[in-house]
Participant: 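Take this structure, written in structure tokens, and hold onto it; I'll ask about it next.
The basis for the numbers below is simple: all heavy atoms, side chains too, and nothing from hydrogens, waters or symmetry mates. Quick note on labels: first sequence line is chain A, next is B, and so on, each numbered from 1.
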There are 2 protein chains.
Amino acid sequence: MRATRELKAEPHGRKEVSVADYLSAAILNGRFAPGQRLIEAELTSDLGVSRGPVREAFRRLSAEGLIEIVPNRGAMVRRLSIVEALELFEIRTELEALAARLASVNMKDPRVRTAFEEAIAPIWSIEPRHSTADYLLENQRFHAAVIAAAGNGQLVKLNQQMHLSLIMAQISSSLTSHVIGTSLHEHRMIATAIRARDAEAADAAIRDHLHRAQEFMRAMPPELFRRED
Amino acid sequence: MRATRELKAEPHGRKEVSVADYLSAAILNGRFAPGQRLIEAELTSDLGVSRGPVREAFRRLSAEGLIEIVPNRGAMVRRLSIVEALELFEIRTELEALAARLASVNMKDPRVRTAFEEAIAPIWSIEPRHSTADYLLENQRFHAAVIAAAGNGQLVKLNQQMHLSLIMAQISSSLTSHVIGTSLHEHRMIATAIRARDAEAADAAIRDHLHRAQEFMRAMPPELFRRED
DNA sequence: TAGGACAATATTGTTTACAAAAGAAGGCGG
DNA sequence: CCGCCTTCTTTTGTAAACAATATTGTCCTA
């Protein structure tokens, strides 16, 4: 019953949401590993809340695809199979290509343009990236910026539900500095095309980027993924 | 405590899921109107379950986008704004275009082909459609068949999360038989292109279809939608 | 009568305790 | 070694209670 990690206390204020946020952050930054089991009793005592909010958070996260609930066995951090990961990339390619085209058009709005420029600023840095975790964050921010510039709220929501972060956390151990360099260069190509308001080029550049990433993933050791059913 | 509508009784078997299914069906077929409030106490007595499973089902459906939860006010059936609906259609266009291309390629697999043919068979019927509810179902089945033929499991999942049904239920009152006829004709064009394994034509046909539907929606009385924030 | 303060009611958010069922683990006899 | 049994852990559902918040109704006053 002792709370080792306190949640921010909101009076009568939806602990279920706090628990979901806590778990979500822990999973996406890798503190909870894919496949790890989440035990109600542990969380209730660790977070100092009762079963109700924990179970409600589980249901929400399960619907969001971050965890998996096996009947009578409980929840575990979701682990994608290689097929699922490739399928997600296939879809992601279409969604981001759409976003890149819309973003290119929207560059004519100066407010959208400056917001975009600010958000992607880090990609122009010459400095070598310190850690893969840093790159992961930069990568996620770049793609999020493109999608935000598209100005389609549903696209933003859908992107969050697709859990690129989940995939990235799973494969992060195999990222080399060479791969990161290539990816960074492609980000710059995409940004340049969008800045130039060249929708065609932006579409092509982001498709290239994601296809290359897809091929990279396919070549990865299979033990990084959940084995196929 | 009396259960007026029994859920199928599974022994110790995840009533939360039964409740979610029940609500989901009731919402999608229009028995629960958009904006209608869902009260825990009513559902517990109507369905004969306690508050726990009901609340868990709420959280899941909220994450799926079928209902909305307002803090301290509870759950209500989600009602889309016109902007949300149009944004969803924009995304949907890309996803279904991808599905149509993949489906065209997959037609070379005879099993996929026969499954597809069977699923879309109703569109060839000459008979006039009896009710808009009938057409809604036929429409949903047609689009689901195209997506299923694409063979991308994640695409199927994502499609379910996009709630075309929710939009359709919202605008169903404005569907005329002329609109239905046009839509049906376009379905046939799409199916013909996929059957011919002409990915380009299928892509174009489904984009046309969805763009027309989008324009139709834009011309609709605004009171059918939630007012913009 | 219109409008506002205030009390009564309804509803949600959370905790606690208990009971039932399923899965996992380990031992035991064959 | 294999199958079966028991035991333990864990999930799942129920019920009752209380606190916190929202809604509604009422009464009073201008």
Participant: What's the separation between atom CG in B:Leu88 and atom CG in B:Leu164, rounded to the nearest 0.5 Å?
Facilitator: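 One finds 9.0 Å between CG of B:Leu88 and CG of B:Leu164.
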Participant: Could you check whether atom CZ of B:Arg141 has more than 12 heavy atoms from other residues, nucleotides or ligands sitting under 6.0 Å from it?
Facilitator: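 Atom CZ in B:Arg141 is not crowded, with 12 or fewer foreign heavy atoms closer than 6.0 Å.
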Participant: Write down the distance between CD (A:Gln36) and P (D:dT10), rounded to a whole number of angstrom.
Facilitator: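 Rounded to whole Å, this separation is 14 Å.
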Participant: Assuming nearest nucleotide by heavy-atom distance, tell me which of A:Pro71 and A:Pro53 is located more 5' along DNA chain C.
Facilitator: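 Its nucleotide being nearer the 5' end, the pick is A:Pro53.
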Participant: Separation of A:Met76 atom CE from C:dG23 atom C1', in whole Å?
Facilitator: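 It works out to 12 Å between those atoms.
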Participant: Would you mind classifying the nucleic acid contact of A:Gly74 as base, sugar-phosphate or nothing, using non-hydrogen atoms under 4.0 angstrom?
Facilitator: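 Answer is sugar-phosphate: A:Gly74 comes under 4.0 Å of backbone atoms only.
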Participant: Could you give the CD-to-C1' distance, from A:Glu42 to D:dT11, as a whole number of Å?
Facilitator: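 These atoms are roughly 14 Å apart.
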Participant: Checking contacts here: which listed nucleotide (C:dT15, D:dT12, C:dG13) is nearest the side-chain heavy atoms of A:Arg59?
Facilitator: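 For the A:Arg59 side chain, the nearest candidate turns out to be D:dT12.
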Participant: Rounded to the nearest 0.5 Å, what's the gap from CD on A:Gln170 to CE on A:Met220? Could you check?
Facilitator: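 A:Gln170 CD to A:Met220 CE: 10.5 Å, rounded to 0.5 Å.
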Participant: Hey, is A:Glu94 close enough to B:Arg101 for a salt bridge, meaning N to O under 4.0 Å?
Facilitator: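 Salt bridge between A:Glu94 and B:Arg101, a charged N being under 4.0 Å from a carboxylate O: yes.
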Participant: Between C:dG13, D:dA15, C:dT16, which one does the side chain of B:Ser50 approach most closely?
Facilitator: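 Between C:dG13, D:dA15, C:dT16, the one nearest the side chain of B:Ser50 would be D:dA15.
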Participant: Tell me: CZ of A:Arg55 to P of C:dT14, nearest whole Å?
Facilitator: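 Checked: the CZ to P distance equals 15 Å.
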Participant: Please confirm whether the shortest side-chain N or O distance from B:Arg14 to OP1 or OP2 of D:dG13 is below 4.0 Å.
Facilitator: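 Negative; the distance criterion is not met.
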Participant: Within the 4.0 Å heavy-atom criterion, would you say A:Glu40 contacts the bases, only the backbone, or no part of the nucleic acid?
Facilitator: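 A:Glu40: base contact, heavy atoms under 4.0 Å.
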Participant: Can you tell me how far C1' of D:dT9 sits from CZ of A:Arg37, to the nearest Å?
Facilitator: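 One finds 8 Å between C1' of D:dT9 and CZ of A:Arg37, rounded.
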Participant: Please classify the nucleic acid contact of B:Leu38 as base, sugar-phosphate, or nothing, using heavy-atom distances under 4.0 Å.
Facilitator: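 Counting heavy atoms under 4.0 Å across all strands, the contact made by B:Leu38 is with sugar-phosphate only.
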Participant: Counting heavy atoms from C-beta on, name the nucleotide in C:dT12, C:dG23, D:dT23 closest to the side chain of A:Arg73.
Facilitator: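 So the nucleotide nearest the side chain must be C:dG23.
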Participant: Please report, rounded to the nearest Å, how far the P atom of D:dT10 is from the CG atom of A:Leu43.
Facilitator: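 A:Leu43 atom CG is separated from D:dT10 atom P by 12 Å.
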Participant: If you check the A:Ile39 side chain, which of C:dT15, D:dT11, D:dG13 turns out closest?
Facilitator: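 Of the options given, the side chain of A:Ile39 lies nearest D:dT11.
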Participant: In whole angstrom, what separates A:Asn72's CG from C:dA22's C1'?
Facilitator: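 Distance check: A:Asn72 CG to C:dA22 C1' gives 5 Å.
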Participant: One thing to verify: whether A:Glu16 and B:Arg55 come together as a salt bridge, which I'm taking to mean a side-chain N less than 4.0 angstrom from a carboxylate O.
Facilitator: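 Salt bridge: no.
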Participant: Between A:Arg51 (CZ) and C:dA17 (P), how many Å, whole number?
Facilitator: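 Taking atom P of C:dA17 as the reference, CZ of A:Arg51 is at 13 Å.
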